[in-house]
Amino acid sequence: MIDPRSEAVLIRNRETGAFEDQTRNIARYEFQPASHRIGIVFAGRNKVFPYGPDRVQILRSSARRVVTGDDRVEVDGGIWDTATEVVTFTGAHGAWSRVFYRTRAGEMYRTRPAAQVRVVTSGTAIPLVNDVLRYWRTIVSRLDSDDPMRPAFDRLTFVHPDSALSSYLAGAPIESRQLDMAPIFPFRCNLSQRTAVENALTRSVSVIEGPPGTGKTETILNLIANIVGLQHKTVGIVSFGNAAVDNVRDKLDELGFEHVLGGLGRKQRRAEFFARQAVRNAAVAQFVASAPQPPDPRRLADLDRRLRGLQEDERVRADRRQSLEGHRLELRHFEAHLQQDQLPDLDKLPLLRKSADRVMDYLAESQVELAGRRPGLLRRIGNYFRYGSLRALDPSDTDVVLRLQLAYYTKRIAELEREIQLVEDRLRRADFDRISRDHQQLSTQLLHAELADRYRRLGSTVYDADTYRGSRVFPRFIEDYPALLSTCHSLQASISDGHLLDYLIIDEASQVNLLLAGLAMSCARNVVVVGDQKQLPPIPIDAAADLAPPMPAYDCQRHNLLSSLSELHGANLPSSLLREHYRCDPVIIGFCNKKFYGGELIPYTASTAERPMVVVRTVEGNHMRQHRGGGRSNQREVDVIADEVISGHCQGFVDADIGVTTPYRLQAGKVSDELDQIEADTVHRFQGRQKQVVIMTTVLDETWRGRTGLSFVDDPQMINVAVSRAIQRFILVTNHDLLPTSRHIQDLIGYIRYHIPDEEIVDSSVVSVFDLLYTAYSQRLRPLAARLRRELRYPSEDIAWTVLNDVFAEPRYAHMKAVPQVLLKNLLPNFDRLTPDQAAYVRRRASIDFVVYNRVTNRPLLAIEVDGFAFHENNPIQLRRDAIKNEILAVHDMPLLRLPTTGSGEQQRIRDALTDAESRWAHRSTW
């Protein structure tokens, strides 16, 4: 017999045309020079069978590798765990590899083209990878004996070096690649979703930040369409639970593409999937029969180009609408503030015929002039052409400034209305809706045609649940079902051992801990992480509490996958924020936007309710109860919901449209008992769901026991999830005192209060900062002051500005903002508390160097004055003015911090003053 480690005899199959290894079946062979043939004697037969040289390859071994240690043999994308040796043979027609492997019957071998075989070394050969896995395994070993992660980690004996897990644990750089063709979008898309899909297709690791209602499911669906349909690759879609992946399946089914999905996962789901194969295969046959021709690629490319431009216009329209509503609301506050003032008649002033930007330019420039810089002749001439004649204008008169501020609002609102109309006309003329539909239809047509070609070639196969993972069957299975749905727990057990999917999409990643993420990432080459850091994280793993990770980025107690990747890659992490919001009333998502997303979201929705957000408080008293078995409840809040909120604030909504959420499970149970037709659950369990109306009950009261629960109830991620579940109306039910020592709930209450200025019941000594007005003012004042810095008397204000912004960059103060040169009159509700001298001082355009305010509620928190030595301490006149300002702020209970330029430790002084001011405001009645 032929030595299989020395020679290989391959014979071409007449039917398939492919060479097949027949070495084990051949006793000997001989060359026949006369006939130029090769005589083959098969084992057990004495006859010589002549073969032409085109049908036989006689190969000699050229290399041999014994598989040891961390090495494994990969054959056609699958790992052969029992492989012991690879022998390479070379010949005139190329190289072949023979893989020897162990079986129960003894040693066996198979021969494949060398390109299909390679020896790979486990990622655990890298010390850091091995250290992290050892740390993770220690945690898993402490879990309950029936925890599904235990057997999953037992199976994780080999980490493929090409897997996303190996790259992640080794801290390898993120790889980039070019797109072969422009992506398609069979599902709804916008500019942010385009960027997210392109990032995912061109990076080995990418993150899609999907805040509530921004279309992350559509983004995932478009990504699947491109991976499966255009790139002809494979993808796993996983999450912590089944709800997210079920949503993907349902949406694909609606468009007629569910048959690409392999619904695997836990045992019951897998059984249901395999039981439906006949129905699915019939649907595939019909799908292939109804397949259209691929669309003209030039038409699709042209539509795509035009649509992208129109989507930019669509975003501009939504952004301008958001700005318009903000200016209208702020104008209502401003006009209410001016009710008792008689402003000068400046209607004939040329400046009032200029744009809003020009009015603001004048306000900023006149402020700089009052600070000591008089314009030269050339600038005065230029100002005449910019502003018109200013002869009748006294820029130091507070009433004049107020009149110009009012003009700014009315002009900016009119300009925004015109801009919106122009964009709407442009979208209408271009027939934006039709182009969007046509683009989606052609994308769907191309996807249908590409998939039909695949299934036409594959034919119909029925797979067995017990054998589909075999090394010979699974490659066909994954071609038949190129998108696999599973949980993070189950993906590893759902695919062939060692097989790597091309992509892995982890949905709801903020709830996926590192152990689960690691299991899923061991199964794919590229990973797309979809989630929202501002939503609720996974429950910390107690078993990891006393263990130190090899590197902070892999800390299972502190990180979910999103935060881990952020720490590991920093600014190099390709991350796309989905900005366009489609779910909530603009006022509702506006709170989340200002509070948690830095104003990055753009609502595409329109308000449908007169009061989208409502605060309802109980009667005075301590109504919370702490239960002996653990947990808390508040029957009074349940009664308020049942007796007042449902009838008073939920008219027009059926029970199925209403949801009640709370931080406490016991409270959710009480609500369910009282209102059995209305869904009630904890905030954690409401994540990922939505209702037309959401009622949140906070449970706590002002007893010391109540305040011990505040850190749990006032969690920012908890508040974000609760509010963003509401589509048309959000109702907060809380105690009579409105949880005054909370931070985030107080911001929520303040935000709601600010959005109902006609109904608010406020006994406040200061007025909310006019955020939009002073933001526009600051944008002009600061650059102007910077250009004239050398000529200004007070460059110390620039230093204070820098220090303030450094402080606001810290998480503790991230909800705060400062604006410069705030007109003192803009902070005072009236002059009732002022003496004649104080009132006269305010009327001469008295201002505060900086006002720090809560950017969510617009509530002023702290006044800051920067005192230069020469102008303040060494100037008796200015000292008198300072004293008057101090008195005015004191009588209105407005905290003041004076920063002398001769002092030190400004950052800490500012921090201390901000903390003290916020504490003082928290204990005042604001409703």
Any side-chain heavy-atom pair from Val235 and Val528 closer than 4.5 angstrom? no

With sequence neighbours excluded, residues passing side-chain hydrogen bond (donor to acceptor under 3.5 Å, both in side chains) with Arg270: Ser494

Under the criterion side-chain contact (heavy atoms from CB on, under 4.5 Å), I'd like the reasoning laid out for Thr103 against Thr82: C-alpha separation, chi angles, the key distance, then a yes or no. CA-CA 8 Å; Thr103 69; Thr82 61; 5.9 Å; no

Does a donor on one side chain sit under 3.5 Å from an acceptor on the other, for Thr23 and Arg98? yes

What pairs with Gln231 under side-chain contact (heavy atoms from CB on, under 4.5 Å), at least two apart in sequence or on another chain? Leu179, Leu201, Lys233, Tyr503

Would you give the length of the straight line joining atom CZ of Arg269 to atom CZ of Phe274, rounded to the nearest 0.5 angstrom? 14.5 Å

So, the side chain of Ser239 versus the backbone of Asp507: is there a donor-acceptor pair under 3.5 Å, distance only? yes

All heavy atoms of Val87 vs all of Phe100, minimum pair found to be CG2-CE1, 3.6 Å

Polar side-chain atom of Asp296 near backbone of Arg298 as donor-acceptor pair, under 3.5 Å: yes

Nearest heavy-atom contact between Ile2 and Ile26 is CD1-CG2, 3.9 Å

Considering non-hydrogen atoms only, spot the tightest contact between Pro4 and Tyr109 and give its length. CB-CE2, 3.6 Å

Could you pull out all residues at least two apart from Arg37 that satisfy salt bridge (Lys or Arg N to Asp or Glu O under 4.0 Å)? none

For Asp81 and Arg72: C-alpha separation, side-chain torsions, deciding distance, then whether side-chain contact (heavy atoms from CB on, under 4.5 Å) applies. CA-CA 6 Å; Asp81 282 328; Arg72 296 291 188 277; 3.6 Å; yes

What I'd like to find out is whether the side chain of Val238 reaches to under 4.5 Å of the side chain of Leu516, using heavy atoms alone. no

Give me the atom names and distance for the closest heavy-atom approach of Cys523 to Leu491. CB-CD2, 3.9 Å

Is it the case that Ser166 and Ser163 place a side-chain donor and acceptor less than 3.5 Å from each other? no

Examine distances only and state if a side-chain atom of Ser564 and a backbone atom of Ala553 form a donor-acceptor pair shorter than 3.5 Å. yes

Suppose we screen for ring pair (Phe, Tyr, Trp, His ring centres under 6.0 Å). Which residues come up paired with His259, at least two apart in sequence or across chains? Phe287, Tyr455

Throw together a table of side-chain donor-acceptor distances under 3.5 angstrom for residues 38-61, partners on residues two or more places apart or in other chains.
residue, atom, partner, partner atom, Å
Arg55, NH2, Arg12, O, 3.4
Arg60, NH1, Glu7, OE2, 3.1
Ser61, OG, Arg5, O, 3.3

With a cut-off of 3.5 Å and sequence neighbours excluded, list every side-chain donor-acceptor pair involving residues 116-131.
residue, atom, partner, partner atom, Å
Arg118, NE, Glu74, OE1, 2.7
Arg118, NH1, Asp162, OD2, 3.4
Arg118, NH2, Glu74, OE1, 3.3
Arg118, NH2, Asp162, OD2, 2.3
Thr121, OG1, Asp71, OD1, 2.8
Ser122, OG, Thr124, N, 3.2
Ser122, OG, Thr124, OG1, 2.7
Ser122, OG, Val159, N, 3.2
Asp131, OD1, Arg134, NH1, 3.1

Verify the neighbour count for atom CD of Glu30: are there more than 12 heavy atoms of other residues, nucleotides or ligands below 6.0 Å? yes

Quick check: do Leu446 and Leu230 have side-chain heavy atoms less than 4.5 Å from each other? yes

Using only atom types and a distance under 3.5 Å, with no angle test, would you say the side chain of Ser167 pairs donor to acceptor with the backbone of Ala164? no

Exam field: side chain Arg203 to backbone Ile174, donor-acceptor pair closer than 3.5 Å: no

What class does the angle between the rings of Tyr481 and Phe477 fall in, given that below 30° is parallel, 30 to 60° is tilted and above 60° is perpendicular? tilted

From Leu568 CG over to Met551 CE, what is the distance, rounded to the nearest 0.5 angstrom? 6.0 Å

Check whether any side-chain N or O of Gln492 sits under 3.5 Å from a backbone N or O of Ala152 as a donor-acceptor pair, and report yes or no. yes

Taking only residues two or more places apart in sequence, or in another chain, which ones meet Tyr168 in a ring pair (Phe, Tyr, Trp, His ring centres under 6.0 Å)? Tyr554

Under the salt bridge (Lys or Arg N to Asp or Glu O under 4.0 Å) definition, can you give me all pairs with a residue in residues 457-467, not counting sequence neighbours? Arg457-Glu479

Can you give me the closest heavy-atom contact between Leu451 and Gly229, atom names plus distance? CD2-CA, 4.4 Å

Measure from the side-chain N and O atoms of Gln277 to the backbone N and O of Tyr463, and report whether any donor-acceptor pair falls under 3.5 Å. yes

Does the side chain of Leu252 reach to within under 4.5 Å of the side chain of Phe187, using non-hydrogen atoms? yes

Does any non-hydrogen side-chain atom of Arg476 lie less than 4.5 Å from one of Leu458? yes

Contacts of type side-chain contact (heavy atoms from CB on, under 4.5 Å), residue Asp147, not counting sequence neighbours: Leu143, Met149, Arg150

Apply the test side-chain contact (heavy atoms from CB on, under 4.5 Å) to residues Ser97 and Thr88: give CA-CA distance (whole Å), side-chain angles for both, the deciding distance (0.1 Å), then the verdict. CA-CA 4 Å; Ser97 291; Thr88 302; 3.8 Å; yes

Asp76 with Arg110: basic N within carboxylate O range, under 4.0 Å: no

Donor-acceptor contact present, side-chain Ser443 to main-chain Phe185, <3.5 Å: yes

The test is side-chain contact (heavy atoms from CB on, under 4.5 Å); show your working for Val527 and Leu565 and say whether it passes. CA-CA 11 Å; Val527 61; Leu565 288 171; 5.6 Å; no

Expected output: side-chain Asn222 to main-chain Glu218 donor-acceptor under 3.5 Å: yes

Could you tell me whether Arg177 atom CZ has more than 12 heavy atoms of other residues or ligands within 6.0 Å of it? yes

Please enumerate all residues that pass ring pair (Phe, Tyr, Trp, His ring centres under 6.0 Å) together with His489, with sequence neighbours excluded. none

N/O donor-acceptor pair under 3.5 Å between Arg112 side chain and Val99 backbone: no

Pairwise salt bridge (Lys or Arg N to Asp or Glu O under 4.0 Å) hits with a residue in residues 481-499, at least two apart: Arg469-Asp497

Residues that Phe153 engages under ring pair (Phe, Tyr, Trp, His ring centres under 6.0 Å), provided they are two or more places apart: none

Is the number of heavy atoms from other residues, nucleotides or ligands under 6.0 Å of Glu175 CD greater than 12? no

Separation between CG (Leu261) and CG (Leu485), nearest 0.5 Å, reads 4.5 Å

Could you check if a side-chain atom of Ile495 sits within less than 4.5 angstrom of a side-chain atom of Leu264, using non-hydrogen atoms only? no

Minimal non-hydrogen separation, Thr90 against Ser62, with atom names: CG2-OG, 3.4 Å

Could you tell me whether the side chain of Asn572 reaches within less than 4.5 Å of the side chain of Pro173, counting heavy atoms only? no

Have Thr217 and Asn247 got a donor and an acceptor in their side chains that come within less than 3.5 Å? yes

Do the charged groups of Arg299 and Asp302 touch, with an N to O distance under 4.0 Å? no

